[in-house]
Amino acid sequence: MESIGLNLTTTALWTIGIMIALYCVIIAIFGGYFARFSKDINDFFYSGQRFAWWLGAASMVATGIGSYSYLKYSQQGFETGMSSAMTYTNEWFIVPLFLFGWLPIIYFSKVRSIPEYFERRFNRTARYISLTIILSYMLFYIGYNLFTIGVAIEGLLGIPMIYTVPIVTLILGGYVTFGGQTAVIFTDLFQGIMLYLAGGIAIVAGIIALGGLSEFWDWLPVSHRLPFVHLINDAKFNTSGLFWGEALAGSIAFMYMNQGFIMRYLALKSVDDGRKAGVFNVLVSLPLSAIVVGAVGWIAKALVTKQTAAGGALEGLDPIHIANHFHTFIVVTWQTLQQNSIIFGFVIAALTAALMSTVDTLINACAAIGIYDLYKPLFKPEASDRHYLIAARWVSAGTAFIGLLLVFWFSQQEGTLMSIHYKGIMIIIPSIVTAIFMGAFWRRFNAVAACVSMALGSILTVVTVWYPHIIDPLSDFVLGPKNDEYIYMRALFGMVVTAVVGIIVTFATRPDKPEKSRGLTIDSLDYAMEKYKGGKPNLAKGKKARRLELRLDASLERGVIGLPPAVMERLKAEDGDIIYVEDSRWWLGGLRSDHNYARTLPDLSDNAVVVSDQTRDDASLLPDHPVSVQKII
Amino acid sequence: MDTVAGTRRWIAPVVGATALILIYFLPRLFVSWLGEANPWTSFLYQYGLGSVVFGVGLLVILRTRACQLQRRRDRYWFIWLWIGFFLYIVTHAVWIWFALSVPVKGGH
């Protein structure tokens with residue numbers, strides 16, 4: 001039989017192809033179903049701040065793992081071992097400022113995008129400088145994801161990416177364009193489960209092939225067992241560089257600036273749920289993800305070491321030879337799954353899932369920025385939601401198309417996937433993450449300083465590509481590596497330069513009016529909360545009231561919920577507080593829910609709540625289904 | 001205005017200067033103590049400098065009253081910040097110890 005790529009027979013090839021196609025169809029149907037919950041422009045992008053924390057956290061898994069993750073981290077795991085997990089396990093240092101600073105700022109200020117934050121905090125110029133940088137960042141990621149899936153399919157099946165990538169892009173554009181944020185969140189939930197399942201299968205197969213967990217550990221060289229790499233030796237992967245470039249700049253970019261993640265947090269029902277999702281993501285999801293994407297590389301190293309010691313192929317396996325380390329994941333999984341094309345097809349479908357779930361988020365995020373930061377303010381300030389929804393779908397399609405064009409640019413680049421990725425990201429992000437930090441945590445930082453520091457910081461960072469020795473003194477200061485590449489140290493350089501310029505310009509110019517930053521900096525969160533609610537925040541801790549009968553009363557205004565005194569007491573709520581009402585089936589995760597203002601109805605029975613028809617429709621609540629209520633603020 | 005007044009303006013420069021001193025001296029201390037190649041040096045680098053960043057973060061959220069410990073929910077999340085921090089430190093430390101203490105069959 002004809003054999004191509006990984007020595008796949010035609011039958012195996014068809015089986016794998018059918019598995020992938022089947023998966024794509026399921027995803028398209030799944031996303032299509034949830035598209036019906038996008039009623040207006042707010043739903044389309046943010047799902048109306050209504051989802052439970054666990055749904056957000058679960059969808060973040062799929063958003064955080066891209067198709068490149070499996071390939072890149074398996075390669076890294078094979079070459080340097082378990083230290084490949086470093087980039088997933090070094091975020092905690094910046095979590096305090098996120099949980100108590102950035103998250104409440106963006107949530108309570110109801111900003112739609114980071115550029116919008118920049119305009120409100122500084123001015124329109126700052127908005128468009130940040131917009132340029134953020135769009136570059138997201139389009140880079142979209143193109144990179146599409147490119148890596150093209151490379152993977154090319155290596156696997158022998159089909160040139162010129163054919164495969166446009167098809168994948170078309171499918172992605174389809175369900176994101178017509179689904180919106182709700183579709184993205186729910187398909188990501190499904191895909192996150194798929195990712196863990198497929199990664200788990202690949203890992204278990206590898207461990208079994210090795211002869212058990214203890215065999216895996218025993219055959220793994222000490223250098224590959226360690227969670228950290230050498231402090232400075234490897235120019236492309238070293239602890240000091242990773243700390244400054246990845247743990248700080250990279251993590252800030254992912255948590256504070258990545259519009260996809262920001263929209264996840266803004267889709268949750270409260271800041272408290274955002275904190276739960278954030279903590280769960282960093283403490284549980286990220287370490288687990290590090291194992292899922294990197295473990296095949298670790299197993300590959302143990303397999304090869306054992307094979308070398310045995311002087312030939314291990315029992316039940318063909319000899320494992322990884323000529324191109326980039327294909328570590330594909331080669332090893334194919335072998336350890338005993339060349340079972342059905343299971344392998346499922347694993348490859350998960351790889352496709354990784355791509356889809358990351359790119360769908362990014363496309364949706366680009367559409368949000370395109371509408372809220374470009375189309376609405378510049379071209380059509382006043383239009384119906386329906387108009388903006390249609391425009392958003394065109395922007396999504398356009399974004400997918402630009403991503404597709406970038407694939408051809410990536411395919412012309414030289415170097416490993418890892419180096420292309422970080423070289424690009426570490427140039428793009430430093431100035432904006434610094435500006436976000438200074439804007440959110442330093443009230444005195446003004447508009448002129450923000451604009452000048454972002455522009456100058458970006459330019460100087462780019463200059464270091466041609467003059468890397470500018471970074472020498474800084475790298476020396478932090479005891480970093482000294483070389484001509486400075487992949488990660490470039491990010492530190494960019495952050496320092498932006499900060500220094502920002503500080504100098506701030507003190508050399510007049511401060512902005514205090515009202516400008518009110519509610520948008522960490523020291524004015526009480527005001528932000530008050531503005532969000534439209535009244536004094538009520539922070540008394542109440543309890544959730546469950547399984548209440550939903551009654552209708554046309555006389556109530558839209559957005560108001562009538563509650564009996566007993567329920568108000570249980571919630572520790574007062575009239576005017578924001579109440580979250582949801583279908584009492586917890587596993588819906590808030591799909592049928594909304595925020596409303598509380599009003600005490602003394603004559604109402606203790607086990608009922610009242611809303612108008614319109615309020616019920618806004619929340620997609622079903623007649624004859626009990627609801628639960630919870631005080632938010 | 002409901003913002004926190006900057007009553008003690010010397011704090012920020014002092015914290016900044018202290019952080020810079022620690023960033024400069026801590027890595028050198030670890031390297032002179034254990035050497036560049038020691039896996040514990042990388043561990044100490046990450047958590048030594050990470051502690052500086054983490055500590056500054058805590059100081060900022062407390063000073064600006066973004067985190068008010070008299071509020072129950074703020075206290076709850078503040079405790080989680082410490083739990084997460086120590087969980088990572090302990091996990092990585094045990095991991096290194098385990099990696100070094102079990103013999104390798106391949107002999108290297």
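Numbered from 1 within each chain, the chains take letters A, B, ... in sequence-line order.
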Approximate separation, where rounding is to 0.5 Å, of Leu231(A) CG and Leu44(B) CG: 10.5 Å

Engaged part of Arg71(B) at the chain A interface, taking heavy atoms whose separation is under 4.5 Å: side chain

Lys536(A) atom NZ: more than 12 heavy-atom contacts under 6.0 Å: no

Structural part of Met86(A) lying under 4.5 Å from a heavy atom of chain B: side chain

Phe100(A) side chain reached by Leu81(B) side chain, heavy atoms, under 4.5 Å: yes

Heavy-atom neighbours of Trp217(A) CH2 exceed 12 at 6.0 Å: yes

Atom group of Leu248(A) that falls short of 4.5 Å from chain B, counting heavy atoms: side chain

Atom pair CZ/CD1 of Phe441(A) and Ile61(B) - distance to nearest 0.5 Å: 9.5 Å

Residue selection (most heavy-atom pairs with chain B, distance under 4.5 Å) from Thr308(A), Leu283(A), Asn238(A): Leu283(A)

Inter-residue atom distance Leu479(A).CG - Leu49(B).CG, 0.5 Å rounding: 9.5 Å

Side chain proximity check, Asp526(A) to Gln68(B), heavy atoms < 4.5 angstrom: yes

Shortest non-hydrogen contact from Val53(B) toward Phe243(A): CG2-CZ, 4.2 Å

Rounded distance [0.5 Å steps], CG in Leu226(A) versus CZ in Phe43(B): 12.5 Å

Donor-acceptor under 3.5 Å (Ser42(B) side chain, Val229(A) main chain): yes

Toward chain B, the part of Ile232(A) with a non-hydrogen atom under 4.5 Å: side chain

Trace of the side chain to side chain contact (heavy atoms under 4.5 Å, CB included) decision for Phe93(A) with Phe85(B): CA-CA 8 Å; Phe93(A) 310 119; Phe85(B) 187 64; 3.8 Å; yes

Lys531(A) atom NZ: more than 12 heavy-atom contacts under 6.0 Å: no

Flag side-chain contact, heavy atom, 4.5 Å: Phe54(B) against Pro96(A): yes

Under 4.5 Å from a heavy atom of chain B, the part of Leu539(A) involved: side chain

Atom pair CD/OG of Glu36(B) and Ser240(A) - distance to nearest 0.5 Å: 9.0 Å

Pair listing, side chain to side chain donor-acceptor pair (under 3.5 Å) test, anchored in residues 44-57 of chain B, at least two apart: Trp244(A)-Tyr45(B), Tyr47(B)-His92(B)

Side chain to side chain contact (heavy atoms under 4.5 Å, CB included) evaluation trace for Phe477(A) with Leu20(B): CA-CA 9 Å; Phe477(A) 185 83; Leu20(B) 284 176; 4.3 Å; yes

Under 4.5 Å from any heavy atom of chain A - which part of Leu26(B): neither

Best-contacting candidate, Val282(A), Ile94(A), Asn233(A), Leu242(A), against chain B by heavy atom pairs under 4.5 angstrom: Val282(A)

Under 4.5 Å from a heavy atom of chain A, the part of Val31(B) involved: side chain

In a table with atom names and distances, give each donor-acceptor pair under 3.5 Å that connects a side chain of residues 94-103 of chain B to protein atoms at least two apart or in another chain.
from      : atom 1 : to        : atom 2 : distance (Å)
Trp95(B)  : NE1    : Arg225(A) : O      : 2.8
Ser101(B) : OG     : Trp97(B)  : O      : 2.9
Ser101(B) : OG     : Phe98(B)  : O      : 3.4

Set of salt bridge (Lys or Arg N to Asp or Glu O under 4.0 Å) partners for Lys541(A), sequence neighbours left out: none

Neighbour count >12 (heavy atoms, 6.0 Å) for atom CZ, Arg72(B): no

Ring geometry between Trp92(A) and Tyr88(B) (parallel below 30°, tilted from 30 to 60°, perpendicular above 60°): tilted

Proximal component of Asn38(B), with respect to chain A [non-hydrogen, under 4.5 Å]: neither

Residues of residues 270-279 of chain A with any heavy atom under 4.5 Å of a heavy atom in chain B: Asp272(A), Arg275(A), Lys276(A), Val279(A)

Test item: Leu99(A) and Phe78(B) side chains (from C-beta on) under 4.5 Å apart, heavy atoms: no

